[in-house]
Protein chains: 2
Amino acid sequence: MTDVYNFCAGPAMLPAQVMKKAQKELLNWDGLGTSVMEVSHRSSEFKKLAKQADQDLRELMSIPDNYHVLFMHGGGRAQFAAVVNNFLGSNGKALYLTSGQWSQAAAEEAIRLVGPKGVDTIDVTKNEVEPVVKSISIPDFNNMNDEYRYLHFCPNETVDGIEIFDDISSPWPIVADMSSNILSRQIDVSRYAVIYAGAQKNIGPSGLSIVIIRNDMLKLPKLPQASIFNYQMQVESGSMYNTPPTFAWYLAAEVFKWLKQNGGVAQIEENNYKKAELLYDCIDNSNLYVNDVAIENRSWMNVTFKLTKGTLETEFIEQAKNKGLVALKGHRLVGGMRASIYNAMPVKGVQALTKFMVEFEESNTNYSN
Amino acid sequence: MTDVYNFCAGPAMLPAQVMKKAQKELLNWDGLGTSVMEVSHRSSEFKKLAKQADQDLRELMSIPDNYHVLFMHGGGRAQFAAVVNNFLGSNGKALYLTSGQWSQAAAEEAIRLVGPKGVDTIDVTKNEVEPVVKSISIPDFNNMNDEYRYLHFCPNETVDGIEIFDDISSPWPIVADMSSNILSRQIDVSRYAVIYAGAQKNIGPSGLSIVIIRNDMLKLPKLPQASIFNYQMQVESGSMYNTPPTFAWYLAAEVFKWLKQNGGVAQIEENNYKKAELLYDCIDNSNLYVNDVAIENRSWMNVTFKLTKGTLETEFIEQAKNKGLVALKGHRLVGGMRASIYNAMPVKGVQALTKFMVEFEESNTNYSN
């Protein structure tokens with residue numbers, strides 16, 4: 001069959017090499033004669049896997065020694081609540097920057113948990129009306145006197161196709177939801193107090209979230225919550241306070257190995273830049289496709305675009321699907337198209353998409369002439 | 001290689017037929033050219049899977065129409081907290097029956113969340129000292145005047161090898177943690193207000209929990225908690241308030257199909273009875289193996305036993321492993337041996353184990369003579 005390139009925003013495609021290995025050893029992992037998902041998380045074999053995954057992620061992201069790495073249940077939304085419950089006990093207050101759907105959802109969850117008194121929000125989007133351009137403008141926080149337990153932001157908005165590349169500087173600990181851009185480019189972990197990510201974009205299948213947390217954050221006062229999301233308890237038990245999602249953890253470990261074998265984050269950053277450039281160039285050089293995000297805030301991971309002839313969108317999605325280019329429909333809240341091009345998407349997948357986009361535009365221009 | 005029979009208490013073995021199918025279609029599910037774990041949970045294909053899984057579980061367990069079925073993140077421990085947070089708002093109080101490690105842990109989590117004032121516990125174990133026999137004695141609740149939002153109990157204790165077969169009758173809604181015996185034998189769902197289960201014993205891989213909840217329970221006052229564990233919100237969104245653990249959900253759906261193809265719960269109940277009988281007979285007919293649970297409370301799922309010559313235990317585990325009989329070591333808190341013989345364990349797996357046990361006893365009796 002034709003190669004299928006899957007542009008789903010999440011659960012997203014995983015590296016082909018990892019999936020082939022997973023298939024090969026699905027019934028007999030590590031010579032045990034059983035699947036990795038049928039093995040005790042407390043077995044020496046699984047503990048070895050867990051240790052390796054921790055080491056590999058630390059190496060890939062240059063995580064300093066005063067940070068812990070947790071492998072937990074749930075995805076980004078589980079962490080929306082966990083962040084609040086782990087850091088906002090005893091009348092704490094947090095600042096949430098909103099830049100799109102996901103940061104907004106995180107702020108809403110915080111308000112649900114501690115009420116509006118515990119949460120300040122700043123909308124950091126700037127919308128020019130004519131022509132419509134969405135951009136981000138980060139205020140200078142260093143002159144603010146407010147006391148916040150943390151500042152929360154989401155550097156990549158999957159629905160809106162907006163990415164914040166600025167290194168935010170703040171007098172408060174910074175908590176970043178990197179669900180959709182973790183491991184996609186080099187970052188300085190030491191600038192963050194907490195980084196969390198749902199796995200289903202750049203790490204593995206859904207049902208797993210990763211938390212990278214600086215030691216001192218464990219001491220903040222907590223609210224009552226499910227113990228499985230208590231960061232201190234999970235640190236003490238090596239992420240095994242309860243039975244973890246072992247198969248997802250295994251796949252994450254394989255994705256880390258794959259990244260290391262392929263030049264690490266520096267190399268994937270180059271690929272990601274190239275893929276995004278290819279796609280945005282294709283859009284900018286066309287009369288049919290249009291993207292409304294300011295160049296400096298265009299996401300490398302989720303490329304959103306609309307067709308100037310809106311009536312062609314269904315046809316576009318249909319024809320793309322017939323060529324093996326699937327899941328290009330934009331999020332139900334915003335419409336249009338979205339090509340999610342996470343780490344696992346090869347350059348040739350994006351080349352196949354841009355080739356199709358050019359041909360589709362040509363055939364439809366000819367048709368209307 | 002030799003057939004491997006995996007007696008792990010959880011994550012436990014899955015049906016061989018399901019695992020083979022999962023392997024075959026791991027890279028190309030439903031003709032999509034991608035893995036099921038790379039497909040959007042909101043795609044028509046995945047929604048179809050979700051609907052089928054719901055229907056199949058309803059059919060297998062004869063779930064009445066006034067119950068909802070939820071597929072959620074986490075395992076049993078996630079639900080320990082969710083039960084409290086969904087039902088114990090505004091000064092509610094609950095009664096927890098304790099019969100072993102897991103029911104005790106559930107009660108402890110409830111106390112962590114609402115304090116000791118919100119939780120009463122009754123120890124329903126009865127320990128005869130000479131000879132040591134653990135049994136269960138359920139009080140008559142119908143004469144009690146206390147007002148509880150719910151009564152919580154755990155009908156099968158995986159660590160202790162204790163199962164409660166009685167149909168408990170109570171003036172309060174009954175919440176049952178069936179993590180380790182759901183689908184193992186026929187039960188009358190209408191006797192319960194809520195049944196929950198971590199998947200990793202009789203349903204699928206770890207990272208998924210299933211909740212069967214009666215309509216009226218959704219109206220009880222809630223405590224603040226992560227929205228992903230809010231039963232009302234998950235009912236309204238068809239368990240897709242957030243990205244669910246899709247691969248685990250898919251495997252659960254396949255396990256349900258497998259059960260249906262193999263005679264449903266009535267047939268698996270017969271197999272399970274036969275397996276448990278084989279193993280307990282082997283223990284009772286030996287001088288080397290001993291089980292300390294009263295016959296009427298011996299678990300069909302987790303058969304615990306000790307060796308009267310304790311020094312032989314390491315050797316027993318080692319020799320068993322060499323014969324492909326793996327993960328027989330008892331829980332770290334209680335020691336000894338444990339053979340977990342969930343639905344996926346075939347009768348011939350238990351036959352292989354009892355054959356080995358007889359041979360091991362013979363060779364060690366001869367040796368000591």
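Just so we're on the same page: letters track the sequence lines, and every chain starts at 1.
- Considering all non-hydrogen atoms of both residues, A/His41 and B/Pro11 come closest at ND1-CD, 3.6 Å.
- In this structure, chain B has no heavy atom under 4.5 Å from any part of A/Ala248.
- At a 4.5 Å heavy-atom cutoff, B/Ala327 makes no contact with chain A through either its backbone or its side chain.
- Contact annotation for A/Thr34: only side-chain heavy atoms (C-beta onward) come within less than 4.5 Å of a heavy atom of chain B.
- Between A/Met19 and B/Ser35 there is a side-chain heavy-atom pair separated by less than 4.5 Å.
- Closest heavy-atom contact between B/Ile228 and A/Ala78: CD1-CB, 3.6 Å.
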**Request:** Would you please test A/Arg77 and B/Ser227 for side-chain contact (heavy atoms from CB on, under 4.5 Å) and show each step?
**Result:** CA-CA 8 Å; A/Arg77 281 192 189 269; B/Ser227 297; over 6 Å; no
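- For chain B, the option among A/Tyr241, A/Trp249, A/Phe46 with the highest count of heavy-atom pairs below 4.5 Å is A/Tyr241.
- Atoms NE2 and CZ, from B/His331 and A/Arg42 in turn, are 6.5 Å apart once rounded to the nearest 0.5 Å.
- Of the atoms belonging to B/Gln225, it is backbone heavy atoms, and not side-chain ones, that fall under 4.5 Å from chain A.
- Interface residue B/Phe229: only side-chain heavy atoms are found under 4.5 Å from chain A.
- Contacts with chain A were tallied for B/Gly204, B/Ala81, B/Gly207; B/Gly207 has the most, counting heavy-atom pairs under 4.5 Å.
- When heavy atoms are compared at a cutoff of 4.5 Å, A/Ala22 approaches chain B by way of both its backbone and its side chain.
- Nearest heavy-atom pair across B/Pro205 and A/Met37 is CB-SD, 3.8 Å.
- The environment of NZ in A/Lys329 is sparse: at most 12 heavy-atom neighbours from other residues, nucleotides or ligands sit within 6.0 Å.
- The structure places OG1 of B/Thr243 at 6.0 Å from NZ of A/Lys201, a figure rounded to the nearest 0.5 Å.
- Heavy atoms closer than 4.5 Å to chain B are found in the side chain of A/Leu251, but not in its backbone.
- Under the 3.5 Å distance criterion, the side-chain polar atoms of B/Asn6 are matched with a main-chain donor or acceptor of A/Glu38.
- The minimum heavy-atom distance linking A/Thr246 with B/Ser206 is given by the pair N-OG, 3.1 Å.
- Only the backbone of A/Lys24 comes within contact range of chain B, judged by heavy atoms closer than 4.5 Å.
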